[in-house]
There are 4 protein chains.
Amino acid sequence: MIVYFRGMRTRDDDKQTALFEATIKVVNDIGFAASSVSKIAKEAGVSPATLYVYYKNKEDLLVSTYIDIKQDMSRELLVGFDPDGPLRDIFKQVWIQLFEYIAENSSCFHYAEQFANSPYSQLVNTQEIERYFEPLTQVLQHGIDQKIIKNVSFDILKAFIFYPVMMLANPKHCQNFDSSPENIETAFGLAWDAIKF
Amino acid sequence: MIVYFRGMRTRDDDKQTALFEATIKVVNDIGFAASSVSKIAKEAGVSPATLYVYYKNKEDLLVSTYIDIKQDMSRELLVGFDPDGPLRDIFKQVWIQLFEYIAENSSCFHYAEQFANSPYSQLVNTQEIERYFEPLTQVLQHGIDQKIIKNVSFDILKAFIFYPVMMLANPKHCQNFDSSPENIETAFGLAWDAIKF
Amino acid sequence: MIVYFRGMRTRDDDKQTALFEATIKVVNDIGFAASSVSKIAKEAGVSPATLYVYYKNKEDLLVSTYIDIKQDMSRELLVGFDPDGPLRDIFKQVWIQLFEYIAENSSCFHYAEQFANSPYSQLVNTQEIERYFEPLTQVLQHGIDQKIIKNVSFDILKAFIFYPVMMLANPKHCQNFDSSPENIETAFGLAWDAIKF
Amino acid sequence: MIVYFRGMRTRDDDKQTALFEATIKVVNDIGFAASSVSKIAKEAGVSPATLYVYYKNKEDLLVSTYIDIKQDMSRELLVGFDPDGPLRDIFKQVWIQLFEYIAENSSCFHYAEQFANSPYSQLVNTQEIERYFEPLTQVLQHGIDQKIIKNVSFDILKAFIFYPVMMLANPKHCQNFDSSPENIETAFGLAWDAIKF
DNA sequence: GATGAATGAGTGTTCATTCAT
DNA sequence: CATGAATGAACACTCATTCAT
């Protein structure tokens with residue numbers, strides 16, 4: 001066991017955070033294709049070489065950033081999640097929280113979308129990501145068993161519950177959509193009509 | 001020695017087509033970020049310099065390719081479009097044609113998605129693109145007026161009719177979805193339930 | 001068949017030569033380890049990017065340069081080669097020509113030595129290189145058969161005929177050696193005494 | 001917490017040795033060009049910064065390692081050296097010991113060769129190195145005076161006694177040479193024939 | 001003494017684009 | 001029209017070295 005009577009220079013959490021945020025900002029500003037390690041480092045206020053202290057390489061930087069976002073997103077989505085409540089309420093809560101997450105973290109969300117559309121996406125273990133969202137899948141199955149939700153494949157259900165939110169909450173796609181609580185509720189109404197038995 | 005006959009095409013349509021297809025192929029194979037003018041030219045079987053005869057620069061190449069795809073897509077979508085038929089049938093037909101277009105032209109569709117997610121998308125006149133799909137908007141409005149379709153904003157309606165298809169038809173997102181006619185009909189059922197009054 | 005009624009820009013032989021010479025000069029001046037593509041390009045008076053028009057990459061540059069030197073060296077060595085003359089005369093002529101080649105092309109020779117001592121050497125087909133010198137091997141065998149030369153392995157014979165020349169002709173190793181015709185003849189005497197039956 | 005006892009070594013000899021060995025290993029494994037301070041430090045199991053406690057800089061590391069090897073080599077060469085025995089026996093013994101040293105310490109030897117071929121070699125005092133081998137030079141002179149050895153310059157003699165060994169003992173150059181005692185004796189025979197009066 | 005963090009300067013290589021032909 | 005040659009600028013990444021601890 002090594003004990004230091006005088007500590008060495010330690011890794012700087014601020015720098016890690018700065019790099020994380022810079023990655024998202026740069027990618028959102030100029031796009032995945034044009035984002036370079038040097039631009040991200042400059043945005044973070046560190047030397048490009050420093051970036052390699054915190055990340056193995058560009059791929060690691062982009063992939064780690066994506067995974068961190070996805071983890072954070074699933075956490076936000078499932079705040080106050082209660083699998084024993086009424087199904088419609090569960091989904092409404094998740095739906096609204098997803099909407100709010102996207103609206104409030106639009107840059108993170110957009111980064112994740114760009115990442116998922118890039119060839120880097122093949123480098124992440126999709127199953128691991130999906131595990132974050134497993135509680136939702138279980139509730140869906142429960143709804144199907146109780147004949148509350150249509151007995152169609154998960155892919156179809158997800159396509160109607162979550163995909164439209166992503167569009168509506170993203171000002172890039174829906175500039176006209178006014179995200180007042182009423183409008184969000186209205187939109188959820190359509191989602192529920194789609195999947196309910 | 002090349003001899004020019006009268007009426008001979010000076011700009012070679014074959015080359016233009018080759019470049020169009022090469023652009024999509026390369027972008028889909030290696031991603032937006034890694035796609036370079038030289039790789040696209042090589043894939044098309046022409047010199048990088050020749051590419052500049054047909055396109056002003058890289059941006060022009062990418063943007064033009066996107067617009068061409070979108071035009072073609074709207075054309076396919078609206079084949080046999082009859083605004084006077086029953087509303088549900090109209091949408092069903094468009095829905096299925098959209099689905100088939102994506103399934104059959106997945107590389108074009110994927111290119112368009114990557115493009116739309118890139119900052120290049122800011123360079124295209126979105127209104128012009130939307131005009132291609134205007135007949136659909138008119139039918140939507142008609143349905144609302146007749147109380148066949150929910151009286152909510154176009155953005156919400158579109159988010160539930162078209163966005164889910166894009167997810168379902170894209171094998172990258174839905175590997176498990178079996179696109180048999182029955183499944184497609186089932187999925188359309190959810191879309192209709194969502195928007196119908 | 002493509003016929004150009006107006007030619008395109010053609011590859012510049014001067015540039016190729018300049019790159020060849022620059023490679024040798026730089027490597028000899030600062031060593032294999034410190035030699036970089038940019039330094040070689042600068043020495044040749046071209047852009048680093050231009051270098052990649054003529055060579056696939058750094059490895060190709062270094063390996064091609066080595067092979068070119070070796071080919072040239074074997075050509076010089078075998079000038080006036082007559083396998084039917086007296087054995088001692090054959091070897092004396094080759095020995096002297098090797099000596100002169102090394103003395104006159106010391107930079108090429110030194111490059112080749114550095115290359116052979118580098119890990120890049122594993123990338124060249126040694127057999128192909130040795131084929132250049134095959135006439136000598138045949139004469140050696142002939143000498144052994146006729147009991148003019150000691151019946152020992154080729155490796156030993158080569159080690160005593162050619163390796164000492166490389167040392168003597170190389171001013172880096174033998175600063176004191178005066179390469180007058182008499183001294184060269186004397187040195188050859190030792191080589192012949194070593195291998196003669 | 002580290003506690004210093006009285007008389008405790010401050011500079012760690014183990015670390016010095018580890019660095020010496022790591023330098024040779026890394027250079028032999030990946031070549032002079034690719035060898036970096038960090039890789040050597042990692043191989044030695046210390047921090048790059050620690051390396052600078054033992055060596056002034058990279059140059060010092062490489063040069064010191066070379067000198068250490070050369071010293072060790074001369075020591076091995078002259079084991080049991082008796083200037084009063086028969087000349088042929090003296091040289092035979094040295095020759096065989098040189099051969100064995102190279103065969104047994106091929107990595108050290110190869111490092112030394114690479115170093116000698118690099119521009120770093122200009123940084124070492126060659127005369128100091130040669131002094132290690134002075135006993136041999138004296139014996140040579142003695143042989144010349146007694147007309148046992150040809151009266152030619154030292155450079156020529158050395159070129160025929162020692163250079164061929166280096167070639168034969170180096171498997172990189174002579175893969176086919178079987179270093180059995182008989183073969184080594186045979187090879188020495190050629191060396192002796194070359195230099196003997 | 002020993003260390004991981006930090007970095008400016010450099011690496012090999014590819015880029016989008018222009019040029020002469 | 002069509003081309004291969006040519007390049008400055010950028011790329012991802014590693015370097016030898018220093019610094020604070």
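In terms of heavy atoms, D:T50 sits closest to D:V46 at CB-CB, 4.1 Å.
Nearest to the side-chain atoms of B:V53 among the listed nucleotides F:dC1, E:dT18, F:dT14 stands F:dC1. Nearest to the side-chain atoms of A:A49 among the listed nucleotides F:dT14, F:dT18, E:dA2 stands F:dT14. Checking E:dT17, E:dT11, F:dA12 against the side-chain heavy atoms of C:S38 singles out E:dT11 as nearest.
Within the 3.5 Å criterion, the main-chain N or O of B:L61 finds a donor-acceptor partner in the side chain of B:T65. For B:Y111 (side chain) and B:L62 (main-chain N/O), a donor-acceptor pair under 3.5 Å exists by modelled atom type.
Within the shown strands, E:dA16 is the pairing partner of F:dT7 under the Watson-Crick or G-U definition, both distances less than 3.5 Å. Applying the Watson-Crick and G-U wobble criteria (two distances, each under 3.5 Å), F:dC13 pairs with E:dG10.
Going from atom CG of B:L61 over to atom C1' of E:dC15 covers 15 Å, rounded to whole Å. Atom P of nucleotide E:dG12 and atom CG of C:L62 are separated by 9 Å, given to the nearest angstrom. Taking atom CG of C:D14 as the reference point, atom C1' of F:dA6 lies 15 Å away to the nearest angstrom. Computed from coordinates, the A:I40 CD1 to F:dA10 C1' distance equals 15 Å when rounded to whole Å. With rounding to whole Å, C:Y55 atom OH is found 13 Å from F:dA6 atom P. Rounded to a whole Å, the CG atom of C:L51 is 12 Å from the P atom of E:dT14. Atom CG in A:D60 sits roughly 14 Å away from atom P in F:dA12 (whole-Å rounding). Taking atom OH of B:Y52 as the reference point, atom C1' of F:dG4 lies 15 Å away to the nearest angstrom.
OP1 or OP2 of F:dA2 has not a single side-chain nitrogen or oxygen of B:S47 nearer than 4.0 Å. An OP1 or OP2 oxygen of F:dA5 is reached within less than 4.0 angstrom by no side-chain nitrogen or oxygen of C:Y54. Considering only side-chain N and O atoms, D:T50 lies nowhere under 4.0 angstrom from the phosphate OP1 or OP2 of E:dG1. An OP1 or OP2 oxygen of E:dT14 is reached within less than 4.0 angstrom by no side-chain nitrogen or oxygen of B:S36.
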After noting the C-alpha distance and the side-chain angles of D:K70 and D:M73, does the key distance pass the side-chain contact (heavy atoms from CB on, under 4.5 Å) rule?
-> CA-CA 5 Å; D:K70 276 292 180 180; D:M73 187 173 161; 4.2 Å; yes
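Aromatic ring pairs are classed by plane angle as parallel below 30°, tilted from 30° to 60° and perpendicular above 60°; the pair A:F115 and A:Y120 is parallel.
Between B:P48 and D:P48, it is D:P48 whose nearest contact on DNA chain E lies nearer the 5' terminus. Ranked by how close their nearest DNA chain F nucleotide is to the 5' end, A:N57 and D:K58 are led by A:N57. Looking at which nucleotide of DNA chain F each of C:K15 and A:K39 is closest to, the 5′-most match is held by C:K15.
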